[in-house]
Asks: 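Provided herewith is a single structure, encoded as structure tokens, for subsequent inquiry.
Just so it is clear: chains get the letters A, B, ... in the order the sequence lines come, proteins before strands, and each one is counted from 1. Every heavy atom of this structure was used, including side-chain atoms; hydrogens, water molecules and symmetry mates were not. This is a predicted model, so every value here is computed, not measured.
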Amino acid sequence: MPELPEVETLRRGVEIHITGRQLHKVELRRKDLRWPIPVTRVRKLASRRCRLIERRAKYLLLHFDGVIPEVAMIHLGMSGRLFIDLTPRGETSPDWIEHEHWRMHFEGRLMRFIDARRFGMLDVTRESKLQVHPRLSELGPEPLGSDFDADYLFRVSRRRKISIKTLIMNAKLVVGVGNIYASEACFRAGLRPRRAAGSMNRKHCVALVDSIREVLSEAIESGGTTIRDYHGVSQEAGYFARKLRVYGREGEACGSCASRIRRVVEAGRSSFYCPSCQG
DNA sequence: CAACCCACCTGACTGC
DNA sequence: TGCAGTCAGGTGGGTT
């Protein structure tokens, strides 16, 4: 599923199509994904106008106008997709496809959510209570924001025995870094993914923060990474996959030194690294 | 508190 | 061809 660059790419696509448009109708085919969907609250968004689309971590936040403004929170889990169709006047809606769970009909646009594994989420909350929503309130800083810097990473990694990769994938410490970009950031920083987080010095933290910011920014520029499920709102693929240096490249030659890239499994997730570039 | 494991769910792919 | 096993971009909850 999408990590931060994929969700940010989606946000930009959704923003172009949906901002300023009125929501006419919501259709729900089931009342739960990972969590229950607040069916009544979602339906009551109808007739409101979408004013703003934000991203926080891997959540898309659609802000709706009203006397009491509300926010639709969307998470794609591992396999979620969000598509937007143009719906010219008089044209009928397309048939529902397999695993399509809900639709939002905006003026001239149809937003469709498809998620085979159903690890995704759809919730609605008052805008004034967004900050205290249980899924958002515990999240760490945005990796591309100014709160995330080497001093911060150094501080939160002290005396931590978990691996560097596990540390940077912990959303309480920093959000948006998933399994692909965690390996890529470790490679760029020259750090082995399984090295103990607490063993990093300040210089390592500078390198790692820079690497995380760099790889996420470059991936956003490329429209994200398409390996299997991920596509943009117009179903276009992201093309960062070809720029991955280690992820999914077990046995291939490292682009920097030609050593064979290795894969290790930690907590059921694969990590990839170059044994000679990453000390 | 930190670290670790597992579950949630379906589909794609591999090897026998 | 069939079937079992493995893996997949997330993340919350339970246990040690």
Asks: With A:Val71 as reference, evaluate A:Glu127, A:Glu54, A:Lys129 under the side-chain contact (heavy atoms from CB on, under 4.5 Å) test and give the passing residue.
Replies: A:Glu127
Asks: Classify A:Phe240 by what it touches in the nucleic acid, base, sugar-phosphate, or nothing, heavy-atom distance under 4.0 Å.
Replies: nothing
Asks: Over how many whole Å does the gap from A:Leu76 atom CG to B:dC9 atom C1' extend?
Replies: 16 Å
Asks: Please answer whether B:dC9 and A:Phe119 are stacked, defined here as ring centres separated by less than 5.5 Å and planes angled under 30°.
Replies: no
Asks: Under 4.0 Å, heavy atoms only, any strand: does A:Ile162 hit a base, just the sugar-phosphate, or nothing?
Replies: sugar-phosphate
Asks: Between atom CG in A:Asp123 and atom C1' in C:dG12, what is the gap in whole Å?
Replies: 15 Å
Asks: Think A:Arg135 has a side-chain N or O under 4.0 angstrom from the OP1 or OP2 of C:dG12?
Replies: yes
Asks: Just wondering, are more than 12 heavy atoms of other shown residues or ligands nearer than 6.0 Å to CZ in A:Arg242?
Replies: no
Asks: Answer with base, sugar-phosphate or nothing: what part of the nucleic acid does A:Glu138 contact at a heavy-atom distance below 4.0 Å?
Replies: nothing
Asks: Considering just the side-chain nitrogens and oxygens of A:Ser79, establish if one lies under 4.0 Å of OP1 or OP2 belonging to B:dC9.
Replies: no
Asks: What I want to find out is whether A:Glu15 reaches A:Arg12 closely enough, with some N-O distance under 4.0 Å, to be called a salt bridge.
Replies: no
Asks: So what does A:Ser270 touch, heavy atoms closer than 4.0 Å: a base, only the sugar-phosphate, or nothing?
Replies: sugar-phosphate
Asks: Over how many whole Å does the gap from A:Lys172 atom NZ to C:dG13 atom P extend?
Replies: 9 Å
Asks: Are A:Arg269 and C:dG10 close enough that a side-chain N or O sits under 4.0 Å from OP1 or OP2?
Replies: yes
Asks: Inspect the contact between A:Glu107 and A:Arg49 and indicate whether a charged nitrogen and a carboxylate oxygen are less than 4.0 angstrom apart.
Replies: yes
Asks: Taking the basic N atoms (NZ, or NE/NH1/NH2) and the acidic carboxylate oxygens, is any pair closer than 4.0 Å for A:Glu142 and A:Arg55?
Replies: yes
Asks: Which of the following nucleotides, C:dG10, C:dC7, C:dG13, is nearest to the side chain of A:Met169?
Replies: C:dG10
Asks: Using atom P of each nucleotide, how far apart are C:dC3 and B:dC9 to the nearest Å?
Replies: 23 Å
Asks: Please name the nucleotide paired to C:dC3 by Watson-Crick or G-U wobble geometry with both distances under 3.5 Å, or report none.
Replies: B:dG15
Asks: Quick one: is B:dA2 close enough that its OP1 or OP2 comes under 4.0 Å of any side-chain N or O from A:Arg159?
Replies: no
Asks: What contact category does A:Ala267 fall into here, base, sugar-phosphate, or nothing, at under 4.0 angstrom with non-hydrogen atoms?
Replies: nothing
Asks: Tell me: CD1 of A:Ile114 to P of B:dT10, nearest whole Å?
Replies: 17 Å
Asks: To the nearest angstrom, how far is A:Glu250 atom CD from B:dT14 atom C1'?
Replies: 14 Å
Asks: Just compare C:dG12, C:dG10, B:dG11 and give me whichever is closest to any side-chain atom of A:Glu98.
Replies: B:dG11
Asks: Atom CG of A:Leu122 to atom P of C:dG10: distance rounded to whole Å?
Replies: 20 Å
Asks: Using a cut-off of strictly less than 4.0 Å, decide whether A:Lys161 has a side-chain nitrogen or oxygen near OP1 or OP2 of B:dA2.
Replies: no
Asks: Give a yes/no on whether any side-chain N or O of A:His75 is located under 4.0 angstrom from OP1 or OP2 of C:dT11.
Replies: yes
Asks: Does this structure show an ion pair linking A:Glu70 with A:Arg41, if we count only N-O contacts that are shorter than 4.0 Å?
Replies: yes
Asks: Using a 4.0 Å heavy-atom cut-off across all strands, classify A:Arg118 as base, sugar-phosphate, or nothing.
Replies: sugar-phosphate
Asks: To the nearest Å, give me how far apart CG (A:Asn179) and P (C:dT11) are.
Replies: 12 Å
Asks: Contact class for A:Gly120 (heavy atom, under 4.0 Å): base, sugar-phosphate, or nothing?
Replies: nothing
Asks: Pick one: which of A:Leu82, A:Leu122, A:Leu28, A:Ile84 meets side-chain contact (heavy atoms from CB on, under 4.5 Å) with A:Met104?
Replies: A:Leu122
Asks: Any side-chain N or O of A:His99 less than 4.0 Å from the OP1 or OP2 oxygen of B:dC9?
Replies: no
Asks: Calculate the interatomic distance between A:Met78 atom CE and C:dT6 atom C1'; express it in whole Å.
Replies: 13 Å
